[in-house]
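Data first, discussion second: the structure below is written as structure tokens.
These values consider heavy atoms only, across backbone and side chains, with no hydrogens, waters or symmetry-generated copies. Order of the sequence lines sets the chain letters (A, B, ...), proteins ahead of strands, with each chain counted from 1.
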There are 4 protein chains.
Amino acid sequence: MASTVIKGGTVVTADLSYAADVKIEDGVIVEIGKGLSGDTVLDAGGCYVMPGGIDPHTHLEMPFMGTYSADDFESGTRAALAGGTTMVVDFVLPGQGQGLMDAAQMWHNKSGRAHCDYSYHMAVTWWGEKVWQGMEESVKAGITSFKHFLAYKGALMVNDDELFASFRRVGELGGLAMVHAENGDVVAELTAKLIAEGNTGPEGHAYSRPPQVEGEATNRAIMIADMTGVPLYVVHVSCEEAHEAIRRARQAGKRVWGEPLIQHLTLDESEYFNPDWDHAARRVMSPPFRNKAHQDSLWAGLMSGSLSVVATDHCAFTTEQKRFGRGDFSKIPNGTGGLEDRLPMLWTHGVGTGRLTPNEFVAVTSTNIAKILNCYPKKGAVLVGADADLVVWDPEREKTIAASTQQSAIDYNVFEGQKVKGLPRFTLTRGHVAVTEDKVEGREGHGKFVPREARPAVNRALSQWKDLTAPRPVQRSGIPATGV
Amino acid sequence: MASTVIKGGTVVTADLSYAADVKIEDGVIVEIGKGLSGDTVLDAGGCYVMPGGIDPHTHLEMPFMGTYSADDFESGTRAALAGGTTMVVDFVLPGQGQGLMDAAQMWHNKSGRAHCDYSYHMAVTWWGEKVWQGMEESVKAGITSFKHFLAYKGALMVNDDELFASFRRVGELGGLAMVHAENGDVVAELTAKLIAEGNTGPEGHAYSRPPQVEGEATNRAIMIADMTGVPLYVVHVSCEEAHEAIRRARQAGKRVWGEPLIQHLTLDESEYFNPDWDHAARRVMSPPFRNKAHQDSLWAGLMSGSLSVVATDHCAFTTEQKRFGRGDFSKIPNGTGGLEDRLPMLWTHGVGTGRLTPNEFVAVTSTNIAKILNCYPKKGAVLVGADADLVVWDPEREKTIAASTQQSAIDYNVFEGQKVKGLPRFTLTRGHVAVTEDKVEGREGHGKFVPREARPAVNRALSQWKDLTAPRPVQRSGIPATGV
Amino acid sequence: MASTVIKGGTVVTADLSYAADVKIEDGVIVEIGKGLSGDTVLDAGGCYVMPGGIDPHTHLEMPFMGTYSADDFESGTRAALAGGTTMVVDFVLPGQGQGLMDAAQMWHNKSGRAHCDYSYHMAVTWWGEKVWQGMEESVKAGITSFKHFLAYKGALMVNDDELFASFRRVGELGGLAMVHAENGDVVAELTAKLIAEGNTGPEGHAYSRPPQVEGEATNRAIMIADMTGVPLYVVHVSCEEAHEAIRRARQAGKRVWGEPLIQHLTLDESEYFNPDWDHAARRVMSPPFRNKAHQDSLWAGLMSGSLSVVATDHCAFTTEQKRFGRGDFSKIPNGTGGLEDRLPMLWTHGVGTGRLTPNEFVAVTSTNIAKILNCYPKKGAVLVGADADLVVWDPEREKTIAASTQQSAIDYNVFEGQKVKGLPRFTLTRGHVAVTEDKVEGREGHGKFVPREARPAVNRALSQWKDLTAPRPVQRSGIPATGV
Amino acid sequence: MASTVIKGGTVVTADLSYAADVKIEDGVIVEIGKGLSGDTVLDAGGCYVMPGGIDPHTHLEMPFMGTYSADDFESGTRAALAGGTTMVVDFVLPGQGQGLMDAAQMWHNKSGRAHCDYSYHMAVTWWGEKVWQGMEESVKAGITSFKHFLAYKGALMVNDDELFASFRRVGELGGLAMVHAENGDVVAELTAKLIAEGNTGPEGHAYSRPPQVEGEATNRAIMIADMTGVPLYVVHVSCEEAHEAIRRARQAGKRVWGEPLIQHLTLDESEYFNPDWDHAARRVMSPPFRNKAHQDSLWAGLMSGSLSVVATDHCAFTTEQKRFGRGDFSKIPNGTGGLEDRLPMLWTHGVGTGRLTPNEFVAVTSTNIAKILNCYPKKGAVLVGADADLVVWDPEREKTIAASTQQSAIDYNVFEGQKVKGLPRFTLTRGHVAVTEDKVEGREGHGKFVPREARPAVNRALSQWKDLTAPRPVQRSGIPATGV
Ligand SMILES: [Zn+2]
Ligand SMILES: [Zn+2]
Ligand SMILES: [Zn+2]
Ligand SMILES: [Zn+2]
Ligand SMILES: [Zn+2]
Ligand SMILES: [Zn+2]
Ligand SMILES: [Zn+2]
Ligand SMILES: [Zn+2]
């Protein structure tokens, strides 16, 4: 069997850093040590050998208003690999009334072109017996995390009683509850008011979704997760208000994780005030960018562990698509890219400033989410037996981000002009060297679906605690009315 | 005109304490000073002359499942006066589809027998054009505070979009938004689960409404009040979770007040674990009693100003009525008494321990709510021109609370057996001496409706700030697409 | 006796607003009502009649490095009146080894020229039996508040054990403990390091006293006040860190008040980055100005009640004096002016924006501190019998602040160029009309010392609670060693 | 070379759980996998194979008032092994004026009898040039963590300026700052007051060190660590106040860790109210046990990551030694045992209730501290190349803790009577099977000193951030005085 050896680098994991070579056969790490040899040798001199990034939040070829998000599994995973990310987790979005596994099949059809491995979260976009049943099938099929939208009223949004019922079901199945946390009722009201008042530009999008509505929804989802005894993962935490709710929950011993996006860590609301409509509209996503104080909060969360994972919510729309929303911000497709830029941007602004150690960088880009999603150490690790999803990271390589050189299918990049230091020398997906510096040689269809087991240790522990502290009836004997 | 002079006491207001006599004519204070004389002289030697208590949260003769809460405006206001309270504010509860002013008329019909003055809050129990219109009429009729229930699903509860619409309307009208804050969806789910599991006793009531669901709803109401620019008053704050949400809001400069009840300040959840079903059922109210840690939180809130008003939510049901809920706690009528006991209990446990000064006692039992409800200084003050609603408080008088000696129509008292020190020597309602120690000589029908003006200073200031910080559109010129 | 009537205005107190005339005789308010007449009539049409401001934090003619702060009791109180402030509280600063009453005498000598009433705080600048004794004499002489410096190492600073001993003494005497809260050890270390590194400019002053050192010292003082059972007043709270410590204490029911300065509410640290050395040096005070996030925190504190009083720490040094610190920021005299500008600046940025109501404005500029210092309602009130220290406030009058037109003796003004709206039409000090718009007609020596009583209600309540919760010995019988 | 194989167990690390055998040669793990064989086989069927515990906080044979703590390195490490702990870190305590390396030599002399590996923290108990020099030697000798006492006034305590200087030195050397955080000044004052009032029993010890004094000192140490740019480790965090300070620091991105003790997690203050003097005195340690609310806080900290390590502060004194403090609690030697009980108690109350997962158990008993102290993965890991310090944990084994069966030299046990479930089947120290269930076969002198490297990744990152954000001088040109 042909072997590949990554030689002369420093292995950097979430845990520790040490000089070692890494030997790969058949897509799997077979040996880690000094002085290894193999058929192909990759020079990692001066580099860090890290688990490839995992982006747990993408929307590739997502259906939207009769069209689709511009990056599909082909271009999206190509962009991922170019930036050192070797696995993506996409969201299966069933239509109203559609069965969960039917929807999953639609996603499997799309993901056949992927260059790297992938997994899915299942979205609970409506509620009924059929969904309740489908959730068990979903878990059996390896899709164990369930996304709920508290926003997008009239479309994806679920109410509190539906949320309660679904969370309880997730808990029974040993899965992970996830939320997009913005109060959809309030967003709808604010949107209507803004448009009525002539606030129709892209900045109106930001005005319609202030931090308060995100904080509120996060707090509500946490309470319902607590009442139903299920671990909770809050996607795209963008602001102090939501972060505060998560901190408060964790501080009470609740099992809650928060995911900031690289966009919210590095870009701010001033983008929406750019006089160029296109510039602003291209940055429209939910939640919107926030001010610097919120950024500081998110960085501190990564440092202290109150936030766990950096993702992208990659959902790329072209300028042409964005222009659907001319004259009405509520019609601008929500989403930005980021798959290719997440690792270099986070390294530059995190490790490059001293806010994060290299080990913490690996933790928040790869290992933490692999553990949370229960696919560790197959993914997220540099261990013998783990998939050889690796990035050889050159901390001295520099570039300026530009749409003109990106893999993504769209015509712009929200990080345009940003200088980054720290880039992949090689990216390997299950042993295949897909990226060598600027050269991308992906294999369409190489990527495989990663099924995941339910009921990891955190679920078991939480259920045990909830059983122990469950309400107990008081022993009584009829109605004596002894007192007054 | 006949005059009454309260002689030899110390006037104690929210502001200050000083020795002075108080002279009353025609129901109004006409002079405050030394050496006053009048036709009738009340000896206040050794006593504090304070504004009579105002209880802003009562439900007298409230319709319930085909019957009514046992204390009506006659017995309820008689109990109030006996305990030093000279004004109550009751809740007008329109039926589904009923006009607000029709409902108000029903309340006016009932209140004709009141011994002391009273005012109303208007409840928004459903939503529609008719309600939207009725709110303006309500304000014109002097009912400027609007209560909303986030609990009691299928009955009084309003959804978030209704809440938003109603709060916005209250804001436009310069009124005060009020909430009963518990997440009704979650309470319903928990209730169903508990009963399904055989947790049918009164303790199940407490289990079905844990602090988390109160904290969540409080937080949500605060957010919606913030988004609509209206001051918010949270009734019956019973726990740290709700108090925390209020503190957090205030700390961000939001105009939010919290009202703990005397019950939650002095009684705890162990009452529900009493083996006597009647004992437990008689304590069933929403929110339920909490543990000692929550009590400490509430007391600290009164001391620091993060909580503003002590009320009772007086809603008395007889043991017979309570027994509707045998075998199913969700059918136990919610409510307890307290009107007669609020002041003595708070004095004993507050002033008697040093947690509150006498001035702070007056503030939280009378003056603060008079200001919040915009009927100060007609009520809540010892000032020339103010109504002579006064209590002459004897800090040395003691008694043991007992159902056998109470004014309330019900057959028990949740404070039974509690020793209190500090009781009224006299209570005056608009100059009439209704109480002389244990002797109660009320005048049925003496009480008058107190209309209140909208748009007090806090509303005006808040609106000014919201206007100043409202979203502004960015100036743009078409779609240039200058960047990438 | 000649009488003065303020006619046609709206009386605005901390409590309420109402149209009334105010009649004054012999320096005291004798009547409040409609249609009053008197010998002199002041037209208050369109104006608010408010209690004159009380500035509880000034340093007039303060000895410093062989010279004195430039504004003495004459020019300082003249500036005060010009801006609507009718009482100042200055700090008696005993030298090392000096008796407290000796120092107080020195201050009495200086204050003879005052145009308005004044009181003193006593500083505890060293510790010993003589100080311990002097504190009782101080209280008897009407100086009941005791200031402690946790900064100014080697000069005014006291250690933790001295602080503990002094706070305990203050508690016994029923006084008020006060602190300047910055960690003096750390400031000294940071200062030395900065200068060693060539950071010698005025900005170094700000670098040497970051918010963290203020937050720490505030937190420490609060703990020691709690352990000794004494109410605490924290002067010049400038940052979120100190404010957070105060909020946390209050939230636990502790008796702690915080005082932000008008400077910290309206100016920020960018002043120190001005390339003009003089500009920056003139703004050198302790604590230094902070960034906008800290300003937001302070404003929210005033709105929510976690901060209680707005002061100035008026301590004016001329440009020439400031230049003592050329080449070494630690030699720049600490202090700025503000006495004349406090009320107009706070009105403009507080009431003018809707952050404060007019009543809250009165509370934080006058009434709250009168209560805390126990000179209410002689001061801080519009009540019959109160001193006629009044300001007739014209909310429409405007000006641009300029050193060229100020009363202060110094040659600049840190608020230079600020436009204010809301200014005194008249200022009265005990009935004397000292200010009529721009015309200042003070009477040198008119001002009198205001002695204050110890042991107000808050002290009594706190002592009661501390006694109730004091440690109790466990009853034991020798040493049985019954267990293992 | 003789090999040992642990067969049939489940390897449980901080990271993951998986079925595998572990092969050991020469004290080191040489292989991990399925179906391994070796000379000696240990049956791990039904067991977890975990890194041996590391107790980072012990005081073995600690000099005290002319005697020594009763457990020395022999009995102490024997007790450790019996309970599954395979490494201890003791504190070198230099006398006043003593050189650091002289003191280290004294500790090396004592540790020669250790049954398991050990390392040291160096205490900075006085300050001077000699200490400053000695710190560098200490780091070179592998002792890179430096303990500071904010309590024990007149003995071990250092002042704030000494703390600042020492922390700065630790920062320069790339070491770890540690604190015992209680305000020694206040403890001394409270102690004197209590004894003067006749509160001389062991409960007085608890009264003299309330949570407030621990919270304050923790907060102060954090601020000074922040100002000097050094990571901080707070030992024996016993209460919410200290935990809150740590959370607040972490939430601002500061590098601070907290260490609760197993005693504070499982025992409470009621122990001091036991009428048996001996019972109470045996529990005297600093900080003292707290109430249940504090316990909840500590557990939640372990769950959320705001607290990182569970230790014991093992410092055992016999009943006879404890009786030195008859009639004066301040003379009772401070300290309790715990080395043998830490793991079983934490497993029972943590994993056994669902508060912790088995992986989190490993993290807080072993792996986290190995990383913090920079001896990972030599210690705290189950990895090829790591020391074979392992515990084979039988989750079904039970016992009742009893002094009669313990290894410790003292005559009692603070956990006496506690039932635990989850105990070692085997404990291996560098491959030697020292414990087989109840049988302890240690080798006196087998233990080796573990030197540690300075400047781990966290230190490097922190220094980078501090450099990036260091104060910069403003460019100026003389003194122009352009403004006013
Ligand atoms: Zn989303
Ligand atoms: Zn998304
Ligand atoms: Zn209610
Ligand atoms: Zn109610
Ligand atoms: Zn000062
Ligand atoms: Zn000052
Ligand atoms: Zn210690
Ligand atoms: Zn210790």
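Heavy-atom proximity under 4.5 angstrom to chain C picks out Arg247(B), Arg250(B) from residues 242-250 of chain B. Residue-level contacts of residues 371-382 of chain B with chain C, in order of numbering, are Lys371(B), Tyr376(B), Pro377(B); threshold 4.5 Å between heavy atoms.
Note that CG of Asp15(B) is 7.5 Å distant from OG1 of Thr13(C), once rounded to the nearest 0.5 Å. For the atom pair OH of Tyr18(C) and CG of Leu383(B), the computed distance is 7.5 Å after rounding to the nearest 0.5 Å.
Using a 4.5 Å cut-off between heavy atoms, Ala252(C) touches chain B through its backbone atoms (N, CA, C, O) alone. Neither the backbone nor the side chain of Ser306(C) comes within less than 4.5 Å of any heavy atom in chain B. Residue Asp296(C): no heavy atom, backbone or side chain, is found under 4.5 Å from chain B. Heavy atoms of Val351(C) lying under 4.5 Å from chain B belong exclusively to its backbone. With a 4.5 angstrom heavy-atom cutoff, Leu462(B) touches chain C only via backbone atoms. Neither the backbone nor the side chain of Leu302(C) has a heavy atom closer than 4.5 Å to any heavy atom of chain B.
In this structure, Gly253(B) and Met303(C) approach most closely via the heavy-atom pair O-CE, 3.1 Å. Closest approach of Gly352(C) to Gln464(B), counting heavy atoms only: O-NE2, 3.0 Å.
For chain B, the option among Arg255(C), Lys254(C), Lys466(C) with the highest count of heavy-atom pairs below 4.5 Å is Arg255(C). Interface remark: of the candidates Leu468(C), Leu16(C), Thr353(C), Thr357(C), Thr353(C) forms the most heavy-atom pairs closer than 4.5 Å to chain B.
Applying the salt bridge (charged side-chain N to carboxylate O under 4.0 Å, His left out) rule to Asp26(C) yields no partners; only residues at least two apart in sequence or on another chain are considered. With sequence neighbours excluded, the residues that form a ring-ring contact (aromatic ring centres under 6.0 Å, His included) with Phe167(C) are His148(C).
Within a 6.0 Å sphere centred on OH of Tyr48(B), other residues, nucleotides and ligands contribute 12 heavy atoms or fewer.
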